[in-house]
Amino acid sequence: MNPRRKLINWANIATKLATLAAVGFAIHIAIDWAMAQISKLESDQAALAMFSMMIIALIAYAILMATPFVPGIELGISLLVLRGAEIAPFIYLSTVSGLLLAYFVGRYMPLIWFSNFLSELGLRRAADLIENLAQRGPDAQESELHARVPNWLRPFITKWRYLTLAALLNIPGNVVLGGGGGIMLASGLSRRFSIPFTALTVALAVAPVPLSVWLLGVEILN
């Protein structure tokens, strides 16, 4: 690939990531603006407006959590600080819902679609690999993937894959790996993660922070 084409591809990737980041920032701004407007209302109107705003924010949060390379957890923490322990169960449910949404998108997305998406980003080697896997059966796909990873890494993506998934969802800075949404999208695309065990893994992996806030109060975030 010539340097000019590489530059264009990287510019496209940067534009997409910047757009996603801008969406997240816009939601933060919208929440601040809505809070300022709500503070001017009468008590009954304010309560209804606050409830409506929180529902919208939770839906937006779930969608952000499902979006690759978006640190949606920051919005979740903002909501916890905003409303305290009372909203922790709802943040938990929204987090689980968003991550599972990304998983199901990956699980039921035709691999050739994902290959075309990678190709548009200029990631030709990855696109060719996915296209090759799309033409094979499940056993052949697993053999191909095993052949491409180091020996020391294989147990983490086979025998211990659910523990690995839980760890990846909780490690700081996982946005460089695609964030929670990207990690769950990849797990779905791999077709190696069953629905029941994946749902259980996600439910347990994301519980510590919301549960701690719910039981001990928002001060624990400090």
Side-chain angles (χ1 to χ4, degrees), residues 20-21 23-36 38-39 46-107 156 160-188 193-222:
L20 293 174
V23 170
F25 181 71
I27 291 175
H28 279 285
I29 297 299
I31 289 177
D32 290 339
W33 178 85
M35 287 298 298
I38 288 172
S39 66
L48 178 60
M50 177 66 75
F51 177 77
S52 300
M53 188 198 74
M54 294 309 300
I55 293 297
I56 294 172
L58 288 171
I59 293 173
Y61 171 62
I63 294 173
L64 281 178
M65 283 301 303
T67 305
F69 295 102
V70 173
I73 193 64
E74 290 184 356
L75 178 58
I77 292 176
S78 297
L79 291 172
L80 286 172
V81 172
L82 178 68
R83 295 293 293 173
E86 66 185 42
I87 201 175
F90 302 101
I91 290 293
Y92 171 72
L93 291 175
S94 293
T95 303
V96 172
S97 298
L99 293 176
L100 289 180
L101 173 61
Y103 165 75
F104 282 115
V105 168
R107 183 175 179 86
F156 294 99
W160 304 329
R161 62 185 179 278
Y162 292 102
L163 291 176
T164 301
L165 178 61
L168 289 177
L169 291 176
N170 281 289
I171 61 173
N174 67 8
V175 68
V176 300
L177 302 175
I183 292 167
M184 293 306 300
L185 180 69
S187 69
F193 294 81
S194 72
I195 294 174
F197 283 111
T198 299
L200 179 61
T201 299
V202 171
L204 294 176
V206 304
V209 172
L211 183 61
S212 298
V213 171
W214 191 38
L215 296 178
L216 304 175
V218 73
E219 294 80 13
I220 194 173
L221 295 177
N222 298 325

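Side-chain atoms are counted along with the backbone in the values below, which use heavy atoms only and exclude waters and symmetry mates. Quick caveat, the model's predicted, so the values are computed rather than measured.
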Donor-acceptor pair, distance only, cut-off 3.5 Å: does the side chain of Ser187 make one with the backbone of Met184? yes

Taken to the nearest 0.5 Å, the spacing of Leu200 CG from Ser194 OG works out to 9.5 Å

By side chain to side chain donor-acceptor pair (under 3.5 Å), Ser212 pairs with (sequence neighbours left out) none

Sorted by chain and number, sequence neighbours left out, side chain to side chain contact (heavy atoms under 4.5 Å, CB included) with Tyr92 holds for Val96, Ala203, Val206, Ala207, Pro210

Interatomic distance, CG@Leu64 vs OH@Tyr61, rounded to 0.5 Å, equals 9.0 Å

What one should report as the nearest heavy-atom pair of Ser94 and Ala62 is O-CB, 3.6 Å

dist Leu99:CG -> Thr198:OG1 (nearest 0.5 Å) comes out at 11.5 Å

### Task
Step through it carefully: locate the ring centre of Tyr103, locate the ring centre of Phe193, and say whether they are under 6.0 Å apart.
no

In this structure, OG1 of Thr201 is separated from CZ of Arg161 (nearest 0.5 Å) by 9.5 Å

Exactly one of Thr164, Ile183, Thr95 clears side-chain contact (heavy atoms from CB on, under 4.5 Å) with Leu169, and that residue is Ile183

Nearest heavy-atom approach of Ala66 to Gly98 is CB-O, 3.1 Å

CZ (Arg107) and CG (Leu100) are apart, to the nearest 0.5 Å, by 12.0 Å

So CG of Leu204 and CG of Asn170: to nearest 0.5 Å the spacing works out to 10.5 Å

